[in-house]
Structure formats: structure tokens, C-alpha cells
There are 2 protein chains.
Amino acid sequence: MRRAATHAHILEAAWALARRDGIAAIALRDIAGRVGMRAPSLYTYFPSKNALYDAMFAEGARQLAETLASRRKDADPGETLRARVQLFIAFCMADPVRYQLLFERPIPGFEPTQDSLDIMLSALAGTRTDLEAVGIHGERALDLLRALITGLISLQVANDPGGDRWTRLQEEALEMFLAHYAHRAANVK
Amino acid sequence: MRRAATHAHILEAAWALARRDGIAAIALRDIAGRVGMRAPSLYTYFPSKNALYDAMFAEGARQLAETLASRRKDADPGETLRARVQLFIAFCMADPVRYQLLFERPIPGFEPTQDSLDIMLSALAGTRTDLEAVGIHGERALDLLRALITGLISLQVANDPGGDRWTRLQEEALEMFLAHYAHRAANVK
DNA sequence: GTCTATATCCAGATAGAC
DNA sequence: GTCTATCTGGATATAGAC
């Protein structure tokens with residue numbers, strides 16, 4: 001359908017502008033301009049600006065789900081976990097604006113719908129499984145790993161965009177995390 | 001002077017509104033209303049809205065500097081480091097909007113002046129010293145510790161405001177970090 | 001110093017013609 | 001489906017009277 005193509009075209013324009021001006025700064029006028037339309041015509045495709053944001057969120061979440069599902073599954077579960085972390089960080093750095101939309105709350109007044117959040121949750125659900133495969137269980141461990149990864153990414157995006165000052169620490173960070181739990185397990189024995 | 005008092009009164013009103021509506025959403029009308037003025041009168045005290053933001057930034061940075069300078073200095077340098085981390089996290093959680101202004105870039109078009117940034121830098125300069133006191137040197141270690149703390153705080157603020165799901169992990173996180181470097185040092189020997 | 005009035009600009013959203 | 005015209009509401013900032 002032509003309609004679906006135009007729909008996709010509008011989303012594409014929105015992403016391009018978001019990457020240029022920031023996700024919160026995109027204007028319907030400009031998006032419309034990019035696809036050869038006037039602003040009111042967008043309302044044929046999206047009932048509101050927040051609906052457009054929600055479609056962007058859902059699209060990003062689907063991309064993340066695909067990316068993480070494609071991770072290399074190694075016989076060594078530690079390698080599988082490493083692959084997940086590496087893919088996740090690469091995904092975030094490949095498009096910082098997408099990262100911001102998915103993991104921060106950059107737009108006052110916008111919250112993703114439950115449907116879109118569900119896509120995100122399903123994308124992230126496998127982390128627990130990969131962690132348990134290396135013998136690490138529990139909510140605390142999951143939260144600590146998330147904090148470690150989040151910290152690396154957010155400092156990277158905020159303070160050294162385009163560089164690798166923090167992302168290059170990812171292997172060391174993961175080793176530190178794994179050693180911490182290996183040590184705890186050994187002490188329990 | 002009356003003038004200094006009014007100046008402070010305006011800043012106070014700005015903080016109150018920022019905490020209520022978000023730092024990027026405060027309107028000069030509302031700030032003025034809170035201090036019994038009309039919007040244009042604020043221009044007697046601040047030449048622009050960004051100048052007001054900059055004054056808020058500088059104020060927050062001064063508060064951070066005071067807080068960290070007051071940390072307990074223990075005979076055990078590990079305890080001093082722990083105290084610094086604990087104070088820093090408590091400072092951030094005590095006012096998430098202030099945290100956002102100081103450590104994220106929540107306002108499009110606003111960047112703090114060099115003078116204000118210098119206050120921040122001086123507030124944070126002691127971290128390296130405290131780290132070196134426990135025998136941990138180098139930029140990588142500093143960056144990794146920063147990532148760990150940043151991750152805990154940003155997840156806490158974003159996903160469990162008012163709770164302690166992540167901040168309660170701070171001791172474990174610091175132990176993990178210290179053990180990592182202790183282990184590396186032992187291996188080098 | 002503070003006010004009213006206004007300039008200037010921007011946004012999202014809707015009505016209704018074509 | 002797309003357009004023009006408009007509604008509604010918001011903002012920062014300035015001019016000039018008092």
C-alpha cells in the first residue's frame with residue numbers, strides 16, 4: 001500500500017530530524033516538509049505527536065529485540081553473555097537519540113503505551129536467562145549489571161560522543177562483575 | 001541588600017517549580033508569580049533565562065562542593081572513599097532535578113558558563129585523591145568508578161524515584177570495584 | 001524597580017474547501 | 001488525502017510609562 005510507505009517515510013523523516021536537533025525538538029512542520037507535505041496532513045497518519053513518538057519507540061524496541069536475538073550463542077555461556085552485552089552497547093552507541101528515547105524520559109508529557117513497553121520488555125527478557133546460564137541468579141545481580149552497563153553508555157553519550165572512552169571499558173567491567181559473583185559463590189561453598 | 005534577597009528569592013522559586021514541573025519546563029511567568037512579580041521584572045535580576053539556569057547550576061555545584069568537602073576523613077582511606085561515594089549518591093537522590101541539571105543536559109540550548117563548570121570541577125577533583133589513597137591509580141579506574149556510580153543513580157532516578165532499588169547496591173558495587181583492583185594489584189606482584 | 005503593553009516567534013491541533 | 005486558514009496557547013524578550 002502507498003499508505004504504509006508514506007507512514008514509514010514519515011517515521012524516517014522524524015528520526016532524521018531527531019538525530020539532527022534532538023528528540024524533543026522535532027516539529028511537525030519540519031517532518032512534514034521532509035516528506036513534501038504540510039503539517040496537518042500528518043494527522044492522517046498519526047492522531048497526535050505523541051502517537052508519532054510512540055511509533056518511534058516501538059520501532060526502536062523492535063530493532064533492539066532483533067539485535068539481541070541475533071547474538072552469537074556460544075557453547076560457553078560466558079561468551080553468550082559477553083556477546084549480549086557487546087551487542088547492547090553497540091546498539092545504543094549506533095544511535096544515541098534512539099537510546100535516549102528508549103531508555104530515558106527525554107520528552108515531557110510523553111510515555112510509551114503499554115503495547116510499546118511490552119516490546120521493550122520482551123527484548124530485554126533474555127538477559128536474565130543469559131545471566132542464569134553462567135550461574136548468577138537474583139534481582140540484585142541483574143540490577144547491578146544493568147547499572148554498570150547503563151553507566152558506561154550514559155557517560156559515553158554525554159561526555160564523549162563518537163569516542164570510546166567508556167565503551168572500551170566494557171570487557172573490564174564485565175570481568176569485574178563476573179569475578180565478583182564467582183568469588184561470592186566460592187565463599188558460600 | 002534587598003536586591004540580593006530578591007535574587008535569592010527568585011532562585012528559590014525557580015527550584016521549586018523545577019522540582020514540580022521538570023527543569024526544562026519552568027516558565028518565567030510562573031517564577032515571577034511565585035515572588036509576587038510579573039515576568040519582565042525578572043530581567044532586572046537576570047539578563048536572560050539561560051543566565052538564571054546558569055545561576056542555578058552554580059548554586060548546585062557549590063552545594064555539591066560543600067557536601068563532598070564535609071565527608072568524614074577516616075584513618076582508613078577505604079572508609080574515606082566509601083564516605084565520598086555515599087555522600088555523593090545521597091546528594092544526587094536528595095534532589096533529582098538538581099542532579100539532572102548538574103550531570104545531564106536536560107535543557108536544549110543551555111550550557112553552563114566556564115565559571116560554573118569550574119565550580120563543578122573543583123567539587124569533583126578530590127575523587128582522584130581519595131582513589132589514589134587506596135592505591136588505585138589511573139584514568140581508567142576513575143572512569144569505571146564513575147560509570148558504576150552514574151549507572152546506579154540514573155537507574156534509580158529514572159525507574160524507582162523515591163525508592164532504593166539501586167542505591168542500596170552501592171556498598172556491594174564499591175566492594176566489587178575495590179576487590180577488582182586489589183586482585184589486579186596482587187597479580188602484578 | 002516594577003509595571004503594562006507589545007513584539008516576535010513558535011508550537012500542536014482542528015475546520016472545512018477541494 | 002491534502003491543502004489553506006485558523007484556533008489556541010505558549011514562550012522569551014523589549015519599550016516605555018510610572
Side-chain angles (χ1 to χ4, degrees), chain A residues 1-57 97 100-101 105-113 116, chain B residues 1-57 97 100-101 105-113 116:
Chain A
M1 324 306 224
R2 287 271 313 286
R3 188 175 166 82
T6 308
H7 190 97
H9 199 180
I10 292 168
L11 276 173
E12 211 177 313
W15 280 115
L17 283 170
R19 282 188 281 265
R20 196 192 65 183
D21 301 333
I23 183 73
I26 61 179
L28 296 183
R29 283 169 171 49
D30 299 342
I31 298 170
R34 281 222 163 201
V35 299
M37 277 181 177
R38 304 295 181 143
S41 306
L42 298 181
Y43 285 81
T44 304
Y45 299 91
F46 298 94
S48 73
K49 194 184 187 185
N50 277 353
L52 172 63
Y53 278 135
D54 194 57
M56 296 172 78
F57 184 98
V97 162
Q100 229 191 329
L101 177 62
R105 290 280 129 94
I107 303 154
F110 166 67
E111 297 223 356
T113 60
S116 302
Chain B
M1 322 305 225
R2 287 271 313 287
R3 187 174 168 82
T6 307
H7 190 97
H9 199 179
I10 292 169
L11 275 174
E12 212 177 312
W15 279 115
L17 283 169
R19 281 188 282 265
R20 197 191 65 182
D21 301 334
I23 183 74
I26 61 177
L28 296 184
R29 285 185 207 322
D30 299 342
I31 298 170
R34 282 222 164 203
V35 299
M37 278 180 176
R38 305 296 181 143
S41 306
L42 298 180
Y43 285 81
T44 304
Y45 299 91
F46 299 94
S48 73
K49 193 184 186 185
N50 277 353
L52 173 62
Y53 278 134
D54 194 57
M56 296 172 77
F57 184 98
V97 162
Q100 229 190 330
L101 177 61
R105 289 278 128 97
I107 301 153
F110 166 67
E111 297 223 356
T113 59
S116 301

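FYI, side chains are in, hydrogens and waters are out, and symmetry mates aren't considered; it's all heavy atoms of this structure. Sequence lines set the chain letters: A, B, ... in the order given, protein chains first and strands last, and positions in each chain run from 1.
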(message) Please identify the 5'-most and 3'-most nucleotides of DNA chain C with any atom under 4.0 angstrom from a heavy atom of chain A.
(response) C/dA11 to C/dT14

(message) To check you understand the geometry: which heavy-atom pair defines the closest contact between A/Leu11 and A/Ala55, and what is its length?
(response) CD2-CB, 4.0 Å

(message) Within residues 2-18 of chain B, which residues have any heavy atom lying less than 4.0 Å from an atom of DNA chain D?
(response) none

(request) May I have the step-by-step check of side-chain contact (heavy atoms from CB on, under 4.5 Å) for B/Thr6 and B/Thr44, ending in yes or no? (result) CA-CA 10 Å; B/Thr6 307; B/Thr44 304; over 6 Å; no

Between the protein and nucleotides 10-14 of chain D, which nitrogen or oxygen pairs come in under 3.5 angstrom?
{"residue": "D/dA11", "atom": "OP2", "partner": "B/Arg29", "partner atom": "NE", "Å": "2.8"}
{"residue": "D/dA11", "atom": "N7", "partner": "B/Arg29", "partner atom": "NH2", "Å": "3.0"}
{"residue": "D/dT12", "atom": "OP1", "partner": "B/Lys49", "partner atom": "NZ", "Å": "2.8"}
{"residue": "D/dT12", "atom": "OP2", "partner": "B/Leu28", "partner atom": "N", "Å": "3.1"}
{"residue": "D/dA13", "atom": "OP2", "partner": "B/Tyr43", "partner atom": "OH", "Å": "2.6"}
{"residue": "D/dA13", "atom": "OP2", "partner": "B/Lys49", "partner atom": "N", "Å": "2.9"}
{"residue": "D/dA13", "atom": "O5'", "partner": "B/Tyr43", "partner atom": "OH", "Å": "3.1"}

(message) Under 4.0 Å, counting only non-hydrogen atoms across every strand here, what does B/Tyr45 touch: a base, just sugar-phosphate, or nothing?
(response) sugar-phosphate

(message) Just to be sure I understand the rule, does A/Gly109 reach a base, reach only the sugar-phosphate, or reach nothing, if contact means heavy atoms closer than 4.0 Å?
(response) nothing

(request) Taking all non-hydrogen atoms of both residues into account, name the closest pair between A/Val97 and A/Ala18 and its distance. (result) CG2-O, 3.6 Å

(request) List the atom of A/Ile107, the atom of A/Ile23, and the distance in Å for their closest heavy-atom pair. (result) CD1-CG1, 3.7 Å

(request) Please state whether the rings of B/His7 and B/Tyr45 are parallel, tilted or perpendicular, taking 30° and 60° as the class boundaries. (result) perpendicular

(message) Would you say that more than 12 heavy atoms from the other residues, nucleotides or ligands in this model lie under 6.0 Å from the CZ of A/Arg38, or not?
(response) no

(request) Provide the closest heavy-atom pair for B/Arg34 versus B/Ala13 in the form atom of the first, atom of the second, distance. (result) CB-CB, 3.7 Å

(request) Step by step, work out the side-chain contact (heavy atoms from CB on, under 4.5 Å) result for B/Leu52 and B/Leu42. (result) CA-CA 9 Å; B/Leu52 173 62; B/Leu42 298 180; 5.8 Å; no

(request) Check the pair B/Glu111, B/Arg105 against side-chain contact (heavy atoms from CB on, under 4.5 Å), reporting the backbone distance first and the verdict last. (result) CA-CA 8 Å; B/Glu111 297 223 356; B/Arg105 289 278 128 97; 4.1 Å; yes

(request) Run the numbers on B/Thr113 and B/Phe57 for side-chain contact (heavy atoms from CB on, under 4.5 Å), then give the verdict. (result) CA-CA 9 Å; B/Thr113 59; B/Phe57 184 98; over 6 Å; no

